[in-house]
Amino acid sequence: MRPTLEVARDLIGKMLVYRKDGNRLIVRLTDVEAYIGEDDPACHAAVGRTVRNEIMYGIGGFSYIYFIYGMYHCLNVVTEQKDYPSAILLRGAEPIEGLELMKINYPEAKNGKYTNGPGKLCRALNLTRAENGLDLTKDTLYFEDHDYIVGRIEASGRIGINKGKKRKWRFFDPDSEWLSV
DNA sequence: TGTTGGATCAACT
DNA sequence: GTTGATCCAACAC
């Protein structure tokens with residue numbers, strides 16, 4: 001299992017595939033953030049082990065999806081080994097396949113931007129807590145490498161949080177049109 | 001049993 | 001730049 005920051009950087013440009021009801025929804029990741037360990041104040045595991053963040057304490061390769069602000073879900077990828085809580089939040093992506101279905105899932109998306117934010121991404125892919133804890137090595141939700149070459153990858157502070165902003169744990173493709181705001 | 005605030009988004013001023 | 005929408009887990013009582 002490789003270090004979370006390394007995995008996060010590698011995820012940029014990779015394909016995220018979600019198979020459901022015979023359809024395939026594919027997006028190319030452009031924007032991710034790492035949340036690592038109990039001493040990261042912005043990480044959900046900062047308060048210790050709870051029912052909600054339990055999945056982050058397991059081995060890497062599983063999905064961690066939580067519900068927030070009463071209306072949005074966020075999709076994370078659990079990394080590292082057992083008992084070391086860490087995850088990568090998928091913030092933004094570019095739709096590659098299944099655009100019609102995303103449009104149905106998220107008809108009121110502005111400017112056709114279905115996936116340029118963590119809440120929107122989950123809505124477009126129709127991911128909810130029901131998809132929490134999925135094994136990402138199985139064939140429902142998984143990653144593919146299409147050998148897409150990302151021109152540049154930049155690191156910055158994380159977005160939308162109050163604590164732990166100093167850590168430059170957000171990785172993104174600065175040339176993409178699909179970055180979160 | 002009750003209160004509070006959050007890894008968001010869109011629509012306001 | 002600020003606010004409302006609106007759920008659930010965490011924590012205080």
Side-chain angles (χ1 to χ4, degrees), chain A residues 3-5 7-12 14 16 18 27 29-58 60-80 84-95 99 102-134 136 141 143 153-173 176-181:
Chain A
T4 302
L5 292 178
V7 177
R9 195 176 188 286
D10 276 2
L11 280 178
I12 302 297
K14 294 290 186 298
L16 172 69
Y18 180 43
V27 298
L29 299 173
T30 58
D31 202 344
V32 303
E33 282 176 11
Y35 289 84
I36 309 172
E38 293 180 352
D39 51 357
D40 172 7
C43 183
H44 282 177
V47 293
R49 192 175 192 138
T50 65
V51 216
R52 184 202 203 185
N53 62 34
E54 175 73 26
I55 187 75
M56 279 202 289
Y57 284 80
F62 286 81
S63 63
Y64 170 44
I65 300 178
Y66 63 91
F67 193 58
I68 197 165
Y69 298 131
M71 23 179 63
Y72 298 106
H73 299 271
C74 292
L75 170 62
N76 298 249
V77 181
V78 177
T79 58
E80 307 284 347
Y84 189 89
S86 59
I88 297 166
L89 169 68
L90 308 184
R91 292 197 63 87
E94 176 179 350
L99 205 51
M102 293 184 203
K103 195 179 286 185
I104 293 170
N105 289 338
Y106 191 8
E108 53 290 289
K110 285 195 66 174
N111 311 321
K113 296 284 189 183
Y114 307 105
T115 52
N116 64 328
K120 290 188 263 189
L121 179 65
C122 284
R123 184 137 177 217
L125 297 188
N126 200 24
L127 293 170
T128 67
R129 284 189 319 291
E131 281 74 38
N132 188 33
L134 285 183
L136 300 178
L141 185 64
F143 295 100
I153 297 179
E154 286 190 7
S156 78
R158 291 172 292 180
I159 293 181
I161 55 174
N162 302 311
K163 297 169 283 190
K165 281 183 179 160
K166 288 180 191 159
R167 294 174 164 92
K168 304 248 184 206
W169 285 354
R170 173 178 177 233
F171 297 92
F172 61 100
D173 170 6
S176 172
E177 300 287 311
W178 299 87
L179 300 176
S180 55
V181 285

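Convention: sequence-line order gives letters A, B, ...; per-chain numbering from 1.
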For B:dT13 versus C:dA5, give the span between their P atoms, rounded off to a whole number of Å. 15 Å
In whole Å, measure the gap between the P atoms of B:dG5 and C:dC13 for me.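 B:dG5 and C:dC13 have their P atoms separated by 14 Å.
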Check whether A:S176 reaches the backbone of A:W178 with its side chain - one donor and one acceptor, N or O, closer than 3.5 Å.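 Yes; at least one donor-acceptor contact below 3.5 Å.
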Looking at A:E94 and A:T30, would you say the former's side chain and the latter's main chain have a donor-acceptor pair under 3.5 Å? no
In whole Å, I'd like the distance from the [atom1] atom of [X] to the [atom2] atom of [N].
X      : N     : atom1 : atom2 : answer
A:R52  : B:dG5 : CZ    : P     : 15 Å
A:H44  : B:dG5 : NE2   : P     : 15 Å
A:R49  : C:dA9 : CZ    : P     : 17 Å
A:E108 : C:dA5 : CD    : C1'   : 13 Å
A:Y64  : B:dA7 : OH    : P     : 9 Å
A:K168 : B:dA7 : NZ    : P     : 20 Å
A:I65  : C:dC7 : CD1   : C1'   : 16 Å
A:I68  : C:dC8 : CD1   : P     : 13 Å

Tell me which of A:N162 and A:A109 sits closer to the 5' end of DNA chain B, going by the nucleotide each one is nearest to.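 It is A:N162, whose closest nucleotide lies nearer the 5' terminus.
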Under the rule for side chain to side chain contact (heavy atoms under 4.5 Å, CB included), what residues qualify as partners of A:E177, not counting sequence neighbours? A:K113
Where the side chain of [X] is defined as all heavy atoms beyond and including C-beta, which of [options] is the nearest nucleotide?
X      : options               : answer
A:Y72  : C:dA10, B:dT8, C:dC8  : B:dT8
A:F67  : B:dA7, C:dC11, C:dC8  : C:dC8
A:Y106 : C:dC7, C:dA5, B:dC9   : B:dC9
A:I161 : C:dA10, B:dT8, B:dA7  : B:dA7
A:K110 : B:dA7, B:dA10, C:dA10 : B:dA10
A:R129 : B:dA7, C:dC8, C:dA5   : C:dC8

Kindly indicate whether the side chain of [X], heavy atoms from C-beta on, has any atom under 4.5 Å from the side chain of [Y].
X      : Y      : value
A:S63  : A:L75  : yes
A:I36  : A:L5   : yes
A:R123 : A:N105 : no

Does a side-chain N or O from [X] land closer than 4.0 Å to OP1 or OP2 of [N], or not?
X      : N      : value
A:H73  : B:dT8  : no
A:R123 : B:dT8  : no
A:K163 : B:dA7  : no
A:T50  : C:dA10 : yes

If a pair means Watson-Crick or G-U wobble with both distances below 3.5 Å, what does DNA chain C look like in dot-bracket form, with | marking bases paired to a different strand? |||||.||||||.
Taking the basic N atoms (NZ, or NE/NH1/NH2) and the acidic carboxylate oxygens, is any pair closer than 4.0 Å for A:R91 and A:E33?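 Answer for the salt bridge query: yes.
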Does the ring center of A:H44 lie less than 6.0 Å from the ring center of A:Y35? no
Between A:F62 and A:Y64, does the ring centre distance come in under 6.0 Å? no
Within the structure shown, what part of the strands sits under 4.0 Å from [X] by heavy-atom distance: base, sugar-phosphate, or nothing?
X      : answer
A:V51  : sugar-phosphate
A:G70  : base
A:R158 : nothing

Does the base of B:dA7 carry an N or O that pairs as donor and acceptor with the side chain of A:Y66 under 3.5 Å? yes
So is the aromatic ring of A:Y69 stacked onto the base of B:dG6, judging by whether the centres are under 5.5 Å apart and the planes are under 30° apart? no
